[in-house]
Protein chains: 2
Amino acid sequence: MSEAPPSVDQMLCFAVYAAGHAFTRFYKPRLDALELTYPQYLAMLVLWESDDITVKALGARLFLDSGTITPLLKRLEARGLVLRQRDSVDERQVRIRLTPEGRAMRDRALAIPLAVAKGTGLTLEGGEALRRELLALRERLDAALD
Amino acid sequence: MSEAPPSVDQMLCFAVYAAGHAFTRFYKPRLDALELTYPQYLAMLVLWESDDITVKALGARLFLDSGTITPLLKRLEARGLVLRQRDSVDERQVRIRLTPEGRAMRDRALAIPLAVAKGTGLTLEGGEALRRELLALRERLDAALD
DNA sequence: GAAATTTACATAGCGCGCAATTAGATTGCG
DNA sequence: CGCAATCTAATTGCGCGCTATGTAAATTTC
């Protein structure tokens with residue numbers, strides 16, 4: 001008779017995993033109005049804050065690599081929301097810039113965070129405390145990678 | 001001049017999203033030894049706890065639907081870890097049962113949670129508190145789904 | 001007890017997310 | 001200068017995760 005593994009319900013990693021999916025599901029109807037997926041929305045948020053950045057910088061911000069971001073950006077480009085252009089100084093880099101349409105979407109996206117805040121049922125302080133704990137957790141996990 | 005959207009770094013949903021990926025990355029080298037992906041590992045955890053359950057019940061446990069789970073279980077079956085068999089009483093249902101190989105993997109998987117607990121750098125109580133907050137958050141998000 | 005509805009699972013298509021590989025540009029060093 | 005080492009992005013392949021659709025079996029309705 002050996003020790004039993006924990007139940008998934010008792011595991012922190014599963015709570016994070018399931019909460020992440022719940023967030024994506026919750027955002028979906030709101031993002032459908034903008035015809036954006038959740039990862040695309042995150043990329044747009046970064047661009048609204050820091051326009052004209054490289055693929056590398058965007059990936060660092062979202063903790064994603066080019067294998068994930070390049071096709072995502074190509075879809076945003078096909079939608080006419082961003083431009084992808086080689087940097088003329090350093091041709092290895094590709095710079096991402098918002099089109100006027102991409103910039104214009106910012107205002108329509110403003111209502112989303114408010115709706116989401118309601119859905120979480122958290123106070124500002126409660127949400128902030130939870131966010132900070134998750135940030136610290138992510139940093140420790142990344143630091144402990146082998 | 002209009003209001004600005006929040007930075008991704010300030011958003012709770014992004015903290016959950018990024019922590020989820022960090023967990024997956026952290027698990028990967030440990031799970032490589034078992035040749036399991038992270039979602040496959042979660043499914044095996046449920047089966048080690050509740051063998052001989054339906055696809056529906058497994059999906060409810062992991063908050064995933066048949067479109068996600070069916071191919072995952074087919075891969076586990078191809079690996080010889082589980083059997084998929086129609087229920088003879090209610091032929092709509094497919095019951096999932098561990099093979100001896102699937103059961104035997106349980107002992108090898110026991111070391112993983114311990115390594116992960118170290119990686120999080122959290123105390124038992126701290127991790128438990130965070131898990132509970134995320135559980136409550138997921139429930140509120142699901143409940144607020146339109 | 002036949003028709004309508006519901007339930008459980010399978011399938012197909014799309015978009016991530018990651019690892020591994022490739023291609024091209026830049027840097028570094030003799 | 002020349003050539004290797006390094007860096008950056010793109011590409012490819014696989015496994016989720018979801019939506020929509022299909023199919024067959026069970027249940028409900030009348």
Side-chain angles (χ1 to χ4, degrees), chain A residues 14 16-29 31-32 35-44 53-79 84-96 142 145-146, chain B residues 14 17-29 31-32 34-44 53-60 62-79 82 84-96 142 145-146:
Chain A
F14 178 67
V16 174
Y17 170 88
H21 292 163
F23 258 126
T24 301
R25 282 191 292 266
F26 188 81
Y27 268 96
K28 178 142 201 324
L31 291 176
D32 279 349
E35 293 180 283
L36 289 179
T37 65
Y38 179 66
Q40 287 169 4
Y41 170 66
L42 294 179
M44 292 299 288
I53 59 175
T54 63
V55 172
K56 180 84 170 173
L58 180 56
R61 203 67 193 286
L62 299 179
F63 306 102
L64 299 172
D65 69 1
S66 78
T68 299
I69 290 187
T70 295
L72 183 153
L73 290 173
K74 284 187 171 182
R75 283 185 280 271
L76 291 181
E77 186 179 42
R79 289 257 332 262
R84 296 161 59 246
Q85 201 167 9
R86 292 259 164 211
D87 187 309
S88 55
V89 176
D90 183 345
E91 299 238 343
R92 290 169 303 184
Q93 302 183 10
V94 170
R95 304 196 73 85
I96 310 298
D142 281 345
L145 264 181
D146 298 307
Chain B
F14 178 67
Y17 171 88
H21 293 162
F23 258 126
T24 301
R25 282 191 293 266
F26 188 81
Y27 268 96
K28 177 140 202 325
L31 291 176
D32 279 348
L34 305 177
E35 291 180 283
L36 289 179
T37 66
Y38 178 67
Q40 286 169 4
Y41 170 66
L42 294 180
M44 292 299 289
I53 60 175
T54 64
V55 171
K56 178 84 172 174
L58 180 55
L62 299 179
F63 304 101
L64 299 172
D65 68 2
S66 78
T68 299
I69 291 188
T70 295
L72 183 154
L73 290 172
K74 283 188 168 184
R75 284 185 279 271
L76 291 181
E77 185 179 42
R79 289 260 328 265
V82 307
R84 297 162 58 247
Q85 201 167 10
R86 291 265 163 204
D87 187 309
S88 55
V89 175
D90 184 343
E91 298 237 342
R92 290 171 304 181
Q93 302 183 9
V94 170
R95 304 197 74 86
I96 310 299
D142 282 344
L145 264 180
D146 297 306

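In the text below, chain A, chain B and the rest are named by the order of the sequence lines, each starting its count at 1.
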Which listed nucleotide ([options]) is nearest to the side chain of [X]?
{"X": "A/Arg25", "options": "D/dC18, D/dT27, C/dG17", "value": "D/dC18"}
{"X": "A/Lys74", "options": "C/dC16, D/dT11, C/dC18", "value": "D/dT11"}
{"X": "A/Asp65", "options": "D/dC16, C/dA19, C/dA10", "value": "C/dA19"}
{"X": "A/His21", "options": "C/dC9, D/dA9, D/dG17", "value": "D/dG17"}
{"X": "A/Thr68", "options": "D/dC16, C/dG17, D/dA25", "value": "C/dG17"}
{"X": "B/Asp90", "options": "C/dG17, D/dA26, C/dA10", "value": "D/dA26"}
{"X": "A/Leu64", "options": "D/dA10, D/dG17, C/dC18", "value": "C/dC18"}
{"X": "A/Lys56", "options": "C/dT6, D/dT8, D/dC18", "value": "D/dT8"}

Closest-nucleotide 5' rank along DNA chain D - winner of B/Pro71 and A/Thr54: A/Thr54
Would you say a side-chain N or O of [X] is under 4.0 Å from OP1 or OP2 of [N]?
{"X": "A/Tyr17", "N": "D/dG17", "result": "yes"}
{"X": "B/Thr37", "N": "D/dC16", "result": "yes"}
{"X": "A/Arg84", "N": "D/dA10", "result": "yes"}
{"X": "A/Arg86", "N": "C/dG24", "result": "no"}
{"X": "B/Gln40", "N": "D/dG15", "result": "no"}
{"X": "A/Arg75", "N": "C/dC14", "result": "no"}
{"X": "B/Gln93", "N": "C/dC9", "result": "no"}

Pair A/Asp142 + B/Arg25, salt bridge at N-O below 4.0 Å: yes
Electrostatic pair B/Glu91:B/Arg86 at N-O distance under 4.0 angstrom: no
Taking every non-hydrogen atom, the tightest pair across A/Ser66 and A/Pro71: O-CD, 3.8 Å
Once you round it to whole Å, what is the distance between [atom2] of [N] and [atom1] of [X]?
{"X": "B/Leu145", "N": "D/dT19", "atom1": "CG", "atom2": "P", "answer": "10 Å"}
{"X": "B/Phe26", "N": "C/dC18", "atom1": "CZ", "atom2": "P", "answer": "16 Å"}
{"X": "B/Leu72", "N": "C/dT11", "atom1": "CG", "atom2": "P", "answer": "15 Å"}
{"X": "A/Leu36", "N": "C/dC16", "atom1": "CG", "atom2": "C1'", "answer": "14 Å"}
{"X": "A/Arg92", "N": "D/dT8", "atom1": "CZ", "atom2": "C1'", "answer": "6 Å"}
{"X": "B/Ile69", "N": "D/dT19", "atom1": "CD1", "atom2": "P", "answer": "14 Å"}
{"X": "A/Glu35", "N": "C/dG15", "atom1": "CD", "atom2": "C1'", "answer": "15 Å"}
{"X": "A/Arg95", "N": "D/dT8", "atom1": "CZ", "atom2": "P", "answer": "13 Å"}

DNA chain C: 5'-proximal contact among A/Gly67 and A/Glu91 (nearest heavy atom): A/Gly67
Residue met sooner reading DNA chain C from 5', once A/Phe63 and A/Ser88 are mapped to nucleotides: A/Phe63
Backbone of B/Glu35 reached by a side-chain donor or acceptor of B/Asp32 within 3.5 Å: no
Polar side-chain contact A/Thr70-D/dA9 base: donor and acceptor under 3.5 Å: no
Pair B/Tyr41 + B/Tyr27: ring centers closer than 6.0 Å: yes
Residue pair A/Tyr38 / A/Phe26, side-chain heavy-atom distance below 4.5 Å: no
Rounded distance (nearest 0.5 Å) linking atom CD of A/Glu77 with atom CD of A/Gln85: 9.5 Å
